[in-house]
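Beneath this line is the structure, given in structure tokens, with notes to follow.
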Amino acid sequence: MPEDRKTPQLDELEKGPWPSFVTEMKRAAAKNPAADDLLGLLERSYEDKIGHWKHGGIVGVRGYGGGVIGRYTDLPEEFPHLKEFHTMRVNHPSGWFYTTDALRTICDIWEKHGSGLTNFHGSTGDIIMLGTTTDELQPTFDEFSEAGFDLGGSGSDLRSPSCCVGPARCEYACFDTLDMCYDLTHEFQDELHRPMWPYKFKIKMSGCANDCVAAIARADCSVIGTWRDTIIIDQDEVKAYAESGLNIQRAVCDKCPTRALEFNAETKELTVIPEDCSRCMHCINMMPKAIQPGKEKGATILLGGKSTIVKSAFMSWVIVPFMKMEPPYTEFKDLIRRIWDWWDENGKTRERLGELIYRVGMGTFLREVGLPPVPQMVFRPRANPYVFWQEDEIKK
Ligand code: SF4
Ligand code: SF4
């Protein structure tokens, strides 16, 4: 960083015991003038209390409609290296597993063509390459392609599917999140690279209801692992937990959201009322050696999660309580294609799927994509009466 660049407000963010993005930006600024201008622009934004980026101008690489986001500063005279500072999204591997060689390759390519600044990872899941010029886009993409990487989604297309680490490291996974993420990414290449819809669409997969990728709040389609039968309880391990001092009644049974567990303090036996269990994972998290998910595993499909833009933030709705999740995932792919067709036909510009369902009603959506209404779609009896019988469905 040049000696005359003063960043008193950013310097504050380097204080304290935590790693600081400002420190990393200063390291990049020592080698790259765009990273240095970025420090200056950010300091300026803190002073002015506004962002100094503007929208406008479509940039991209040959054959792709998405994957590059055009960025331009509104102060190009003061910060000439930020006149063009485009972001590239690179599709991440399932579960974010890299070799150090792969990471070095990514960084070398980016130092050669861009600012050297990255964000691992964006909220969609992609590797974010922060800042390059229009002329450098195609050469950067070509080198990434040579190295085996592809761009992720951006704009009104399918965003890069993402998933939790799943069975690679986690015993709770009820389906192979990594395989499904990889499979969907290949299957839906066209949808990923060619923006064609009213707005963005995100698919996220979590192997169980702990939902480590926060799919329920962030994905238009959340696939969350679950089981169809009953949790498996090992009574010897329950006794071992009780004898080790765990207050099973208070810490486990009283916190079961549906009060589906009963603990006998005398016999130290734990029993479940299977039909009351909502498969929330709480008891399994508390006593992983004693309680396991059931044997018949699959996933729940939910729709409509999103952050605020046109309407407020939405959590996802259950639309299929249980679906087997095994390759080649045909049932899921057929359903998601029907949903996309319906959204594409009926959605307004920049209307996410959840907002469209909110506007026209869940009953209409279910009927038009051919899904039967089920009790799991309803929060509690009479709380959510969006499904009505049609005249032709009533047997006289
Ligand atoms: Fe494990 Fe469940 Fe988290 Fe996936 S969501 S990493 S399966 S705990
Ligand atoms: Fe209760 Fe959740 Fe355990 Fe089911 S998984 S028994 S709902 S704590």
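Residues: numbered from 1 along the sequence shown. First listed ligand is number 1; within each ligand, the first listed atom is number 1. All values below come from the heavy atoms of this structure, side chains included, with hydrogens, waters and symmetry mates left out.
- In terms of protein heavy-atom proximity, atom 1 (Fe) of ligand 1 is nearest to C170 SG, 2.2 Å.
- Centroid-to-centroid, the aromatic rings of H52 and F79 stay 6.0 Å apart or farther.
- In this structure, atom 5 (S) of ligand 1 lies nearest to the protein heavy atom C212 N, 3.3 Å.
- The single protein non-hydrogen atom nearest to atom 3 (Fe) of ligand 2 is C283 SG, 2.3 Å, given as residue, atom name and distance.
- For residue C277, no N/O/S atom approaches atom 3 (Fe) of ligand 2 to within less than 2.8 Å.
- Note: the hydrophobic cluster containing W227 does not contain M323 (ILVMFWY, side chain heavy atoms under 4.5 Å, direct or indirect links).
- Listed by number with element, the atoms of ligand 1 under 4.0 Å from a non-hydrogen atom of V165 are 6 (S).
- Contacts between K255 and ligand 2 below 4.0 angstrom, taking non-hydrogen atoms only, are absent altogether.
- Residue contacts to atom 3 (Fe) of ligand 1: C208 brings no N, O or S atom closer than 2.8 Å.
- Using a 4.0 Å cut-off between heavy atoms, D211 contacts ligand 1 through its backbone alone, with no side-chain atom that close.
- Close approach of ligand 2 to L261 is summarised as follows: ligand atoms under 4.0 Å from at least one heavy atom of the residue are 6 (S).
- Using modelled atom types and a 3.5 Å distance limit, the side chains of H86 and T134 yield a donor-acceptor pair.
- Each of the atoms 7 (S) of ligand 1 lies under 4.0 Å from some heavy atom of A173.
- Those atoms of ligand 2 that come under 4.0 Å of a heavy atom in T258, given as number and element, are 7 (S).
- Interface of Y172 with ligand 1, defined as ligand atoms under 4.0 Å from a residue heavy atom, comprises 7 (S), 8 (S).
- Taking the charged nitrogens against the carboxylate oxygens, D74 and K83 have no contact shorter than 4.0 Å, which rules out a salt bridge.
- With hydrogens and angles ignored, the 3.5 Å screen pairs no side-chain donor or acceptor of K112 with any backbone N or O of T140.
- Taking every non-hydrogen atom of M281 and a distance limit under 4.0 Å, the qualifying atoms of ligand 2 come out as 2 (Fe), 5 (S).
- We find that E187 and R337 are joined by a salt bridge, their nearest charged nitrogen and carboxylate oxygen being less than 4.0 Å apart.
- Partner of E111 under the salt bridge (Lys or Arg N to Asp or Glu O under 4.0 Å) criterion, out of R27, K31, R104: K31 alone.
- The aromatic ring centres of W53 and F85 sit less than 6.0 Å apart.
- What sits closest to atom 4 (Fe) of ligand 1 on the protein, heavy atoms only, is C164 SG, 2.4 Å.
- Nearest to atom 7 (S) of ligand 2 among the protein's heavy atoms is S278 N, 3.3 Å.
- For C280, the nearest N, O or S atom to atom 2 (Fe) of ligand 2 falls under 2.8 Å.
- Ring planes of W197 and W340: tilted class, angle from 30 to 60°.
- With hydrogens and angles ignored, the 3.5 Å screen pairs no side-chain donor or acceptor of D183 with any backbone N or O of D179.
- Below 4.0 Å from some heavy atom of N210 lie the following atoms of ligand 1, by number and element: 8 (S).
- A salt bridge is defined here as a Lys NZ or Arg NE, NH1 or NH2 lying under 4.0 Å from an Asp or Glu carboxylate O, and K26 with E14 meets this definition.
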